[in-house]
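For reference, the structure discussed in these notes is given below.
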Amino acid sequence: MVENLGSFRRDRYCGEVSLEDVGREVRVCGWVHRVRNHGGVIFIDLRDREGVVQVVVEEREDPEVYEKAEKVRPEWVLCVRGEVRKRPPGTENPKIKTGYVEIKAKEIKVLNTSDTPPFPVEEEVNVSEETRLKYRYIDLRRESMKENLLFRHRFCRITRRFFEEEGFVEIETPFLTRSTPEGARDFIVPSRLHPGKFYALPQSPQLFKQILMVAGFDKYFQIVRCFRDEDLRADRQPEFTQIDFEMSFVGEEEVMDVAERLVAKLFKELLGVELQTPFERVTYDEAVSKYGTDKPDRRFGLEICELTDLFKESEFKVFRTAVDSGGVVKAVNLKGKNVSRKEIDELTEFVRGLGGKGLAWIKVEPGKLTSPITKFLSDSEIEGILRRTGAEEGDLILFSAGPVNEVHRILGALRNHLGEKYNLADRSRWDVFWVVDFPLMEWDEEEGRFVSLHHPFTAPKEGDEEKLKEALNVKDLEERKRIVHSVRARAYDLIINGEEVGGGSIRIHRRDLQEVVFKLLSISEEEAREKFGFLLEALRFGAPPHGGFAFGLDRMVALMRGLDSIRDVIAFPKTQKGICMLTSAPGEVTPEQLREVHIKVAGET
RNA sequence: GGAGCCGUAGUUCAGCCUGGUUAGAACGCCGGCCUGUCAAGCCGGAGGUCGCGGGUUCAAAUCCCGUCGGCUCCGCCA
């Protein structure tokens, strides 16, 4: 039954057959999408990468072909030779590109049969992601998945062309490199030739691209895989792709300009959307104080209100304690939703889930306030709250009190939750903007040291360099924190619709400054030499001023395709536990393989 | 490390709360009929480790405990 391809060669894609081909003989190859057997006439929808075309076989005209067509089942692989003809009037299908024509088959070859697929190759059926990932090759035959990957391909093509035209050089960097402290957990690879030593897969090509700048390549870019061994999310995979670039002899403006023009070009060419450049800029402080996060979704309001000063003398213990211990009281006003008590309880649960103790609230009802807390508040406090939050009938004011970072985290998350729950965002709008003026470092309570907000190679603002050196000489920790926290970074993040799609910075190119930063981050001289020695060394040999940027390609593509999960724009993604459902990776290796790389697996502990 | 939702036919789900006939439906699949459909239609049929393990019970898809897997989120992710 199955035949060889032989000398048969297709001359076009199924999806390309058009009215222009009417009267011509064509040869196509593809998968059986659907069969409609009417007894005497059989319609086979044949599908390939470019689309679907209807093949017709009539029993009384081509009995031998008909006999073959009768046996055909979905997902069989066929090649078909036949004449293109216009469909009879009234039988056109305007829903598909090839709906005005059909191929009258003169020859059909079955190139391969197929088991019944575990799920049909169509859009409407919702199949569990588990099954889709196990049979990814079938899932990828579906129109939307196919389009996702083709879109991604066009995205990459435009990007490469853009950088080419801008004079950037594409240079590959190693995947087998060394583990560095700071940042995410590394994936490590044992070395056979060096017992007990390990390579690490790069979290990003950061250091290599800086070294390329020292080497004088001036403008570098790469579409490159990065690896981070952290827990997965809808927008996080252990291996993901960045559009990475770096430039010499530039400041923030030039780097941001390149990034903006690339984004604008991608939106224009792929979506037909004209983004206004330059993109708006929001400072880190403004983003965090208004929205509770450094990647706000500004497509809806629901801004955070500062109320701390109202409760300096308050009788209400929860707020007063927060203020007295240096914390803040803030609120959001969910306007006009007449939220029910049940929904408020749900919101309280949501906040508890974030680690909040509870949720104080005031509901503004006709002529009265309903609230579990108003009885503890003075009239002037209540009046202050209502005025600050602009409260009106139907509104619900939701409070958070405590350490400033906690309050922002909770209200920021609550704000996004409400935005989604009440569908507040204007979905027709692309909100593209920069967040700038990040602090260079912040104090990490758990680790008891300063950590970089961006990464340790980010340069401080030009006027702030002296402050860092000064901070090193200050013994008093609180004073040191005050100084260090006042230092701004030459870093910038690009946010689209509340998602961080990229970030970058101007780097430190002087060894003395880099050493100061390492010191402040409590990276010992020894460790710095061992882990980053090659970079410090490179900075001694004529490192030019430089800076760059990296886009999260998967996130960008998902965002532009309107998808919630980056798994849908990755051909072979991993599950939340980091498993590849297709290959069952990670898998076991033989004792021999382990011996070769000098690894002994520890027993259960 | 933690929280929530989910797991029953090839697929999507109902049944579970309130234990008790032979575990149902739709789609798909198989067979038959049918000459213009396009999610073809009509008739008939097959198809189940109720994720896995243990417990309670005369009796477990159903109740309890554990475990595995998928998804979402917190922590984590320079």
Side-chain angles (χ1 to χ4, degrees), chain A residues 33-46 52-61 66 73-75 87-96 98-99 102 104 115-135 138 180-186 203-204 206-207 226-238 240 346 349-356 409-410 413 416-417 420 438 440-442 444 446-447 450-458 489 491 500 503 505 517 521 523 550 552 564-565 567 574-577 579 581 584:
Chain A
H33 188 60
R34 246 178 224 118
V35 185
R36 292 175 295 281
N37 184 339
H38 285 246
V41 61
I42 296 174
F43 301 98
I44 299 170
D45 290 342
L46 200 63
V52 174
V53 70
Q54 174 166 288
V55 175
V56 192
V57 188
E58 285 174 279
E59 186 171 22
R60 59 173 171 244
E61 295 192 32
Y66 185 84
R73 293 291 178 269
E75 302 312 311
R87 293 197 189 185
T91 67
E92 300 92 347
N93 182 358
K95 280 187 281 187
I96 62 171
T98 61
E102 61 192 10
K104 181 177 157 53
D115 286 357
T116 301
F119 52 90
V121 179
E122 60 188 37
E123 292 304 305
E124 299 79 17
V125 172
N126 61 327
V127 188
S128 77
E129 195 151 358
E130 207 172 342
T131 311
R132 287 175 51 202
L133 290 174
K134 186 169 171 192
Y135 301 96
I138 293 169
T180 52
E182 302 285 298
R185 194 176 295 112
D186 288 316
Q203 297 174 25
S204 82
Q206 181 60 37
L207 295 171
C226 304
F227 307 87
R228 294 177 192 177
D229 189 6
E230 296 292 347
D231 286 0
L232 285 74
R233 288 282 193 285
D235 64 349
R236 274 169 22 197
Q237 283 274 306
F240 61 98
E346 221 173 271
E349 274 313 300
F350 175 80
V351 167
R352 287 223 174 89
L354 294 171
R409 189 173 68 81
I410 285 171
N416 281 340
H417 180 71
E420 204 164 302
F438 283 84
L440 186 67
M441 303 174 189
E442 63 184 4
D444 186 308
E446 249 173 57
E447 293 194 46
F450 292 103
V451 293
S452 298
L453 236 78
H454 205 66
H455 58 55
F457 320 107
T458 302
E500 185 193 326
S505 64
V517 168
L521 293 172
I523 298 173
D564 291 328
S565 166
R567 289 188 300 275
K574 311 263 187 295
T575 68
Q576 197 170 39
K577 288 240 165 76
I579 287 166
M581 294 298 284
S584 300

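Just so we're on the same page: letters track the sequence lines, and every chain starts at 1.
- In this structure, the side-chain hydrogen bond (donor to acceptor under 3.5 Å, both in side chains) partners of A:T131, at least two apart in sequence or on a different chain, are A:S128.
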Could you go through nucleotides 73-76 of chain B and list every protein N or O atom that sits under 3.5 Å from one of its N or O atoms, giving the distance for each pair?
unit_1 : atom_1 : unit_2 : atom_2 : d
B:C73  : OP2    : A:A234 : N      : 3.4
B:C74  : OP2    : A:R233 : NE     : 3.0
B:G75  : N7     : A:R233 : NH2    : 2.8
B:G75  : O6     : A:D231 : OD2    : 3.4
B:G75  : O6     : A:R233 : NH1    : 2.9
B:G75  : O6     : A:R233 : NH2    : 3.3
B:G75  : N1     : A:D231 : OD2    : 2.6
B:G75  : N2     : A:D231 : OD2    : 3.4
B:C76  : O2'    : A:E230 : OE1    : 2.6
B:C76  : O2     : A:R236 : NH2    : 3.1
B:C76  : N3     : A:R236 : NH1    : 3.2
B:C76  : N3     : A:R236 : NH2    : 2.8
B:C76  : N4     : A:R233 : NH2    : 3.3
B:C76  : N4     : A:R236 : NH1    : 3.1

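- Among the protein residues, A:P118 comes within range of the sugar-phosphate backbone only, with heavy atoms under 4.0 Å from sugar or phosphate atoms but none that close to a base.
- A:E346 pairs by the side-chain hydrogen bond (donor to acceptor under 3.5 Å, both in side chains) definition with A:K421, not counting sequence neighbours.
- A:V35 places none of its side-chain heavy atoms less than 4.5 Å from the side chain of A:R73.
- Separating the NZ atom of A:K104 from the C1' atom of B:G36 is a distance of 13 Å, rounded to the nearest angstrom.
- A straight line from CD of A:E130 to C1' of B:C5 spans 14 Å, rounded to a whole angstrom.
- With sequence neighbours left out, A:R233 forms a side-chain hydrogen bond (donor to acceptor under 3.5 Å, both in side chains) with no residue at all.
- Both distances falling under 3.5 Å, in either a Watson-Crick or a G-U wobble arrangement, place B:G4 opposite B:C71.
- Computed from coordinates, the A:R567 CZ to B:C71 C1' distance equals 7 Å when rounded to whole Å.
- OP1 or OP2 of B:U12 lies within a sub-4.0 Å distance of a side-chain N or O belonging to A:S128.
- Here the P atom of nucleotide B:G7 and the CG atom of A:N126 are 14 Å apart, to the nearest Å.
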- Tell me, for nucleotides 37-46 of chain B in 5' to 3' order, what letter each nucleotide earns: B for a base near a protein heavy atom under 4.0 Å, S for only sugar-phosphate near one, - for neither? BBSB------
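- Every ring pair (Phe, Tyr, Trp, His ring centres under 6.0 Å) that A:F457 has, sequence neighbours left out, goes to A:H455, A:F532.
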